Amino acid sequence: MATCTDRPLRTSSNIEYLHAAVERGVQAARDGLVSTQIPALADVPATKFAMAVAGVDGTLLHTGDSAEVFSIQSLSKLFALCALLRFDPGAWQDIGWGPTNADYGSVAELERSHGKPANPFVNSGALVVTDRLISHAGDATAATIELLRTSDNSAVFESDARTARSEYLTGHRNSAIAHVLAEHGRLQNPIDEVLRQYFAQCAITADVRALARAALFLADRSEAADVLDESSTRRVNAVLLTSGMYGAAGDIAYRIGLPAKSGIGGGVLAVMPGHGVICVWSPPLDPAGNSAGGVAAIEEFARLARWSVF
Ligand code: GLU
């Protein structure tokens, strides 16, 4: 794979780390399976692989299919949450922040908690985030894209209508969750409106370079000032560490030690506070629902670069 740097790199060893990480990631991807949950995404080639590392010093290293856009899916939950926190830093009260052992799409757990989501990265919490964004901004996808473009307003983020429609037609579990939320008085907007906007937000497409750059504010306090207040930035990183990787968050904290978020489109990003952001796209998922190649590549890069918050 050709490796490109958009700006001078601080150390050449980062290029070696990137190559080693990709090699490991490509190998690990062979054990994963591309998600068929959203029919429009079921045919994405399993061999796609892209990786970008954005440094707080302005460096950007990227390789593989890094110019190709992919469906960010649950990665959008992170950016929608940050967009909401800009309107209302106290929104945590409605969406929760604690970890859970339940599946991210669990209806049973939501029933047990009387419709109170566990955190913003399970689907119930993400639906409440979208609902509140609609109340504040009208268009939750536009507000999420605006947040994504804060640090680089030339970056291209678009919602793919075909993917959104495909999920709207088949997303029965999300529909059930939205109804349970409404039953408990947790939504401010009509159920169908919340679902449509949530699916449109999940259907945003982007490439790894743009995503790594867009998340830099989580690693760089000076950038964060333009995006989120310091306490929100810390909280978002904390909740990423404890709940960003579905049921494997504890495993990822143990193996890698970085706040991270993944999506069923095969995207995964990890934040090293003070240093930078890694973003990988590799569609085959492991049994926990995380990109098999993405996790392996991030683990290898973090090990070699000695990136860990611990
Ligand atoms: N749109 C998908 C859903 O809501 C996203 C799932 C994911 O990436 O985790 O189920």
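Since this is a predicted model, take the numbers as computed values, not measurements. All heavy atoms count here, side chains included; hydrogens, waters and symmetry mates do not. Each ligand, and each atom within it, is numbered from 1 in the order the structure gives.
- Heavy-atom contacts from other residues, nucleotides or ligands closer than 6.0 Å to CD of Gln188 number more than 12.
- Defined by atom type and a distance below 3.5 Å, a donor-acceptor pair is missing between the side-chain atoms of Gln37 and Ser35.
- Residues Leu285 and Val34 are not in side-chain contact: their nearest non-hydrogen atoms beyond the backbone lie 4.5 Å or more apart.
- Residue contacts with ligand 1, taken as heavy atom pairs separated by less than 4.0 Å, involve Asn123 solely via side-chain atoms from C-beta onward.
- A ring-centre distance under 6.0 Å is not found for Trp281 and Phe49.
- Atoms of ligand 1 lying under 4.0 Å from any heavy atom of Gly263, numbered from 1 in the order shown and given with element: 8 (O).
- Counting the atoms of ligand 1 from 1 in the order shown, those under 4.0 Å from a heavy atom of Cys202 are 1 (N).
- Scanning all protein heavy atoms for the shortest distance to atom 10 (O) of ligand 1 gives Gln37 NE2, 2.9 Å.
- The shortest N/O to N/O separation between Ile264 and ligand 1 falls below 3.5 Å.
- By the criterion of a heavy-atom distance under 4.0 Å, the side chain of Tyr104, and not its backbone, is placed next to ligand 1.
- Counting non-hydrogen atoms of neighbouring residues, nucleotides and ligands closer than 6.0 angstrom, the CZ atom of Arg165 reaches no more than 12 such neighbours.
- At a 4.0 Å cut-off, not a single heavy atom of Arg173 sits close enough to ligand 1 to count as contact.
- Ligand 1 is approached by Tyr198 to a heavy-atom distance shorter than 4.0 Å.
- Considering backbone and side-chain N/O atoms, Glu167 comes within less than 3.5 Å of an N/O atom of ligand 1.
- Within a 6.0 Å radius of NE2 in His114, no more than 12 heavy atoms belonging to other residues, nucleotides or ligands are found.
- Between the side chains of Thr163 and Asp160, at least one donor N or O sits under 3.5 Å from an acceptor N or O.
- When heavy-atom distances to ligand 1 are checked against a 4.0 Å cut-off, Ser74 comes that close through both its backbone and its side chain.
- Of all protein heavy atoms, the one lying nearest to atom 1 (N) of ligand 1 is Gln73 OE1, 2.6 Å.
- Residue Asn174 approaches ligand 1 through these ligand atoms, each under 4.0 Å from one of its heavy atoms: 3 (C), 4 (O), 10 (O).
- When each of Val129, Thr130, Val128 is tested with Arg132 by the rule side chain to side chain contact (heavy atoms under 4.5 Å, CB included), just one qualifies, namely Val128.
- Annotation: atom 9 (O) of ligand 1 to nearest protein heavy atom, Tyr246 OH, 2.4 Å.
- For Glu146, the CD atom sits in a loose shell: 12 or fewer heavy atoms of surrounding residues, nucleotides or ligands are nearer than 6.0 Å.
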